Asks: 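Okay, here's the structure, questions in a sec.
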Protein chains: 2
Amino acid sequence: MRKKLRETAHETATMRLRQAGLRPTRQRNELAKLLFRDGHRHLTAEMLHAEAVAEGVKVSLATVYNTLHQFTQAGLLLQVVVDPTRSYFDTNTADHQHFYCEDENSLTDIPGPEISVADLPTPPPGTEIKRVDVVVHVRRH
Amino acid sequence: MRKKLRETAHETATMRLRQAGLRPTRQRNELAKLLFRDGHRHLTAEMLHAEAVAEGVKVSLATVYNTLHQFTQAGLLLQVVVDPTRSYFDTNTADHQHFYCEDENSLTDIPGPEISVADLPTPPPGTEIKRVDVVVHVRRH
DNA sequence: TCAACAGTTTAGAATTATTCTAAAGAGACT
DNA sequence: AGTCTCTTTAGAATAATTCTAAACTGTTGA
Ligand SMILES: [Mn+2]
Ligand SMILES: [Mn+2]
Ligand SMILES: [Zn+2]
Ligand SMILES: [Zn+2]
């Protein structure tokens, strides 16, 4: 017989955490479930905290910050810097690029094949390339 | 006979300000001279303020922030967001791209021809592309 | 030449995002 | 259960940035 969806989601989250070497605590499980339940998301710590609170998950804002950074270090999330006043966390960890609309503070993935970035430049001496970030800034017209 | 370099720099700064529609006040003139005296620079408000103070220019940090934003709006500077905790201002307003080294908090221009960004994607409906930011993150190895 | 107005500067307070502290709580292992 | 370690949390602290409102200055036209 089939397990309930909730149980399955919980086990999936727990496994994800174990694989990342993070102790599967209640808070981390709940946050993982919110983060990874549907499609790719771009969230700030405040946004995720608000969502958790709205769904009755008891967790502090400090823990949300800690968890987002731990998930990022573990490779479960990507941190995206586009706005000088907020940090976004991205559940899509594949190599991809973003549209950012300052007017509406919205960050979205660029669909389809990536913008081709050809001929990567030689990095400054003593350094190696870690990542190439491409952000296409758009405005409402 | 030739004018002194200082006078010339001052007049250049004043003209730049007038062209930008900004009243050429003492503070704006001095900051413009510091910003544009040699080559391209990538500075935070704190950095520019420290430099001004070190050179005996009397100006408050609030004015440095105001001025950097006014210059940016006027197209004399570009604001570059790479670090979640600081904003850089770039005197190079040409279309170009950056290396960012988190280890040493350094932002530098990518020399030579730009990374070719081919096939710009279609922006989300109701929006148009304003700018494409490319940041190559590097780490010390 | 100078008064009058509009634009500018400033110190200091306020705001906002984020991080720190240190004490209480909860998984893991036996 | 008992112990150890890791985690969570409220609240304080920090850091970058913005705001406020009063003093100041560049510009203009009489
Ligand atoms: Mn900031
Ligand atoms: Mn910040
Ligand atoms: Zn994304
Ligand atoms: Zn630059």
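Everything numeric in this text was worked out from a predicted model, so none of it was measured. Below, read A as the first sequence line, B as the second, and so on, with proteins coming before strands; counting in each chain starts at 1. Values reported hereafter were calculated over all heavy atoms of this structure, with side chains retained and with hydrogens, waters and symmetry mates removed.
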Asks: For the residue pair B:F71 and B:F36, does the interplanar ring angle fall in the parallel (under 30°), tilted (30 to 60°) or perpendicular (over 60°) class?
Replies: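 Answer is parallel, since the angle falls under 30°.
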
Asks: Using a cut-off of strictly less than 4.0 Å, decide whether A:S60 has a side-chain nitrogen or oxygen near OP1 or OP2 of D:dT9.
Replies: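 So the side chain of A:S60 is within the cut-off, an N or O lying under 4.0 Å from OP1 or OP2 of D:dT9.
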
Asks: So which atom in A:V64 and which in A:L48 form the shortest heavy-atom distance, rounded to 0.1 Å?
Replies: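 That would be CG1-CD2, 4.0 Å.
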
Asks: Within this structure, what is the CG-to-C1' distance between A:N29 and D:dT8, rounded to whole angstrom?
Replies: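 Going from CG in A:N29 over to C1' in D:dT8 covers 15 Å.
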
Asks: Verify whether one side chain among A:D133 and A:H98 offers a donor that lies under 3.5 Å from an acceptor in the other.
Replies: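 Side chains of A:D133 and A:H98: no pair found under 3.5 Å.
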
Asks: Is there a side-chain contact between B:Q27 and the phosphate of C:dT10, meaning an N or O under 4.0 Å from OP1 or OP2?
Replies: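 Answer yes for this pair, as a side-chain N or O of B:Q27 is under 4.0 Å from OP1 or OP2.
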
Asks: Please tell me if the side chains of B:L107 and B:F99 come closer than 4.5 Å, counting only heavy atoms from C-beta onward.
Replies: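 Counting from C-beta outward, B:L107 and B:F99 never come under 4.5 Å.
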
Asks: Just compare C:dT18, D:dT18, C:dT9 and give me whichever is closest to any side-chain atom of A:Y65.
Replies: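 The listed nucleotide nearest to A:Y65's side chain is C:dT18.
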
Asks: State whether a side-chain donor-acceptor pair under 3.5 Å links B:E104 with B:S106.
Replies: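 Yes, a side-chain donor-acceptor pair sits under 3.5 Å.
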
Asks: Indicate for each nucleotide in nucleotides 21-30 of chain C, in 5' to 3' sequence, whether protein heavy atoms under 4.0 Å reach the base (B), only the sugar-phosphate (S), or nothing (-).
Replies: ------BS--

Asks: Once you round it to whole Å, what is the distance between P of C:dT9 and CG of B:L61?
Replies: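 The distance from CG of B:L61 to P of C:dT9 comes to 14 Å, rounded to the nearest Å.
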
Asks: Can you measure B:L17 atom CG to C:dT8 atom C1' for me and round it to whole angstrom units?
Replies: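 These atoms are roughly 13 Å apart.
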
Asks: Would one find a side-chain N or O of B:H69 under 4.0 angstrom from OP1 or OP2 of D:dT18?
Replies: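 Result: yes.
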
Asks: Considering residues, nucleotides and ligands other than A:E102, do more than 12 of their heavy atoms fall under 6.0 Å from its CD?
Replies: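 Count not over threshold, so no.
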
Asks: Holding to side-chain hydrogen bond (donor to acceptor under 3.5 Å, both in side chains), I want the full list of residues that pass it with B:R139, two or more places apart in sequence or in another chain.
Replies: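 Result, side-chain hydrogen bond (donor to acceptor under 3.5 Å, both in side chains) vs B:R139: A:E128.
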
Asks: Indicate the ring-plane relationship of A:H137 and A:Y100, choosing parallel, tilted or perpendicular according to the 30° and 60° boundaries.
Replies: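 If you compare the ring of A:H137 with that of A:Y100, the planes turn out perpendicular.
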
Asks: Figure out the CG/C1' separation between B:L48 and D:dA16, and round it to whole Å.
Replies: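 One finds 16 Å between C1' of D:dA16 and CG of B:L48, rounded.
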
Asks: Rounding to 10°, can you tell me the angle the first-five-pair axis of the helix from C:dT1-D:dA30 to C:dT30-D:dA1 makes with its last-five-pair axis?
Replies: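 The angle, to the nearest 10 degrees, is 30°.
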
Asks: Measure the shortest side-chain to side-chain distance between B:H10 and B:N29 over non-hydrogen atoms and say whether it is less than 4.5 angstrom.
Replies: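 A side-chain contact exists here, since the closest heavy-atom pair is under 4.5 Å.
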
